[in-house]
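Here the structure comes first, spelled out in structure tokens, and everything after it is commentary.
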Protein chains: 2
Amino acid sequence: MQELDIGEVARQSGLAASTLRYYEARGLIRALGRRGLRRSFGVEVLEKLSLIALGQAAGFSLAEIAAMFAPDGHLQIDRPKLLARADQVDRSIRRLTALRDGLRHAAVCQAPSHLECPSFRRLMQAAARGAIRSPEPADTKAPLSLPTGARTSRRRRPPPAPA
Amino acid sequence: MQELDIGEVARQSGLAASTLRYYEARGLIRALGRRGLRRSFGVEVLEKLSLIALGQAAGFSLAEIAAMFAPDGHLQIDRPKLLARADQVDRSIRRLTALRDGLRHAAVCQAPSHLECPSFRRLMQAAARGAIRSPEPADTKAPLSLPTGARTSRRRRPPPAPA
DNA sequence: GTGCCAACTCAAGTCCACTTGAGGTCAAGA
DNA sequence: TCTTGACCTCAAGTGGACTTGAGTTGGCAC
């Protein structure tokens, strides 16, 4: 089996060598062994890096991604989890769609100032309610990630009825 | 004009008082003055906080949001900028849509393992190319934000043709 | 043998948007 | 008078995903 040194993996994956070392330290990838000092990786690592990239794109943290690999390094995702994440992405899409439409409207709206444009104001209020706040960190309620006291929600209390 | 102390603003906006002090330090909001030690805010601050929330939802950094207020504190967004951001959001939406569909497919796909599902593999490859990487920080190419040596793109080089 | 370069380790730094903690001030109520 | 509680300042900490820097090692070409 072909062995790649870290520089080669970096070139082929587009990631920095430091990133690869970091992933290794976090247990996301593993070198076959060493040649002298140097790590040598099997080609499968490239596939694994693609998986990691996918997980990141789907909004999972590195810790969550790590948990999706079985101890032997093989992929082990439960499908319900995938579906749950898909739904979350779907909600993000809806929020972003509202945002996009609002922005477009505000851009062409004839009101003398944004603050006088009702559509813009609706958007503002929605944002203030936290109804738009974009792509939340994957938090499927299945605490795969370490209990970090997550930086999940900024707004603490829903504001009461408008005074 | 009615004056609110920081606790009242916190209650009505749902933000922590520390956040409000932080926003003030960053020049995003301004107190009318002090009553003794205590800041006193005008009611307009609530509207401004909504605007800030909207800006954040649209993916702007606090520095960028600050730049959208004229020195006198009034709103000053150029409409082309809004459109540009709307387009960016639109691209995010497309990426997320692909992602969602891919996740759903993978969840129901009958292939014995995800790695053998062609659809999943396509998604992986796209992610590895950086084609999915979610909602980029608003970076309209108009450097409103301080030149921070931005943490914008993780992947450094596009990987070359598959070896 | 010696010079170079790519890899190595380990600690510390970066970015962003806040939060936390320690220690201080002040007005109002008991 | 004393206490309480809300506010204050300023410095430092947080989390996630990396990057950077300093100092070291080892293989290969010359």
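A quick note: this is a predicted structure, and the numbers were derived from the prediction, not measured. Chain identifiers are assigned alphabetically (A, B, ...) following the order of the sequence lines, protein sequences preceding nucleic acid strands; residue numbering begins at 1 within each chain.
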### Query
Taking only residues two or more places apart in sequence or in another chain, which ones pass salt bridge (Lys or Arg N to Asp or Glu O under 4.0 Å) with R38(A)?
none

### Message
By the salt bridge (Lys or Arg N to Asp or Glu O under 4.0 Å) test, which pairs, at least two apart or in different chains, include something from residues 53-62 of chain B?
### Response
none

### Task
Verify the contact: side-chain N or O of T19(B) to OP1 or OP2 of dT19(C), cut-off strictly under 4.0 Å; return yes or no.
yes

### Query
Once you round it to whole Å, what is the distance between P of dC8(C) and CZ of R35(A)?
11 Å

### Task
Just report the end-to-end axis angle for the helix from dG1(C)-dC30(D) to dA30(C)-dT1(D), five pairs per end, to 10 degrees.
30°

#### Entry: ring pair (Phe, Tyr, Trp, His ring centres under 6.0 Å): pairs with one or both residues in residues 20-47 of chain A, sequence neighbours excluded
none

### Query
So which nucleotide from dA17(C), dT20(C), dC18(D) ends up closest to the side chain of R26(B)?
dA17(C)

### Rounded interatomic separation in angstrom, taking CD from E64(B) and C1' from dC16(C)
12 Å

### Query
Given atom CD1 of I29(B) and atom P of dC18(C), what is their separation to the nearest angstrom?
11 Å

### Query
Whole-Å distance between dG16(D) C1' and I65(A) CD1?
12 Å

### Query
For V9(A), does its backbone N or O pair with a side-chain atom of S13(A) as donor and acceptor, under 3.5 Å?
yes

### All pairs passing side chain to side chain donor-acceptor pair (under 3.5 Å) where residues 110-122 of chain B contributes a residue, at least two apart
E47(A)-R121(B)

### Query
Has Y23(B) got a side-chain N or O lying under 4.0 Å from the OP1 or OP2 atom of dC18(C)?
yes

### Task
Output yes when R30(B) and E24(B) qualify as a salt bridge under the 4.0 Å nitrogen-oxygen rule, no when they do not.
no

### Task
Tell me whether the OP1 or OP2 atom of dC18(C) has a side-chain N or O from S18(B) closer than 4.0 Å.
no

### Task
Could you tell me the separation between the OH atom of Y22(B) and the P atom of dT19(C), rounded to a whole number of Å?
10 Å

### Query
When the distance from CG of L15(A) to P of dA7(C) is rounded to whole Å, what number comes out?
14 Å

### Query
Ion pair present between R11(B) and E8(B), side-chain N to carboxylate O less than 4.0 angstrom?
yes

### Query
Cut-off 3.5 Å, side chains only: do Q88(A) and R91(A) have a donor facing an acceptor?
no

#### Entry: Interatomic distance where CG belongs to L20(B) and P belongs to dT20(C) [whole Å]
15 Å

### Task
Give the rounded distance in Å between these two atoms: CG of L62(A) and P of dG15(D).
15 Å

### Query
Is any NZ, NE, NH1 or NH2 atom of the basic residue among D87(B) and R104(A) found under 4.0 Å from an Asp or Glu carboxylate oxygen of the other?
yes

### Task
Do nucleotides 1-11 of chain D as a string where each nucleotide becomes B, S or -: B if the base has a protein heavy atom under 4.0 Å, S if just the sugar-phosphate does, - if no protein is that close.
----BBSSB--

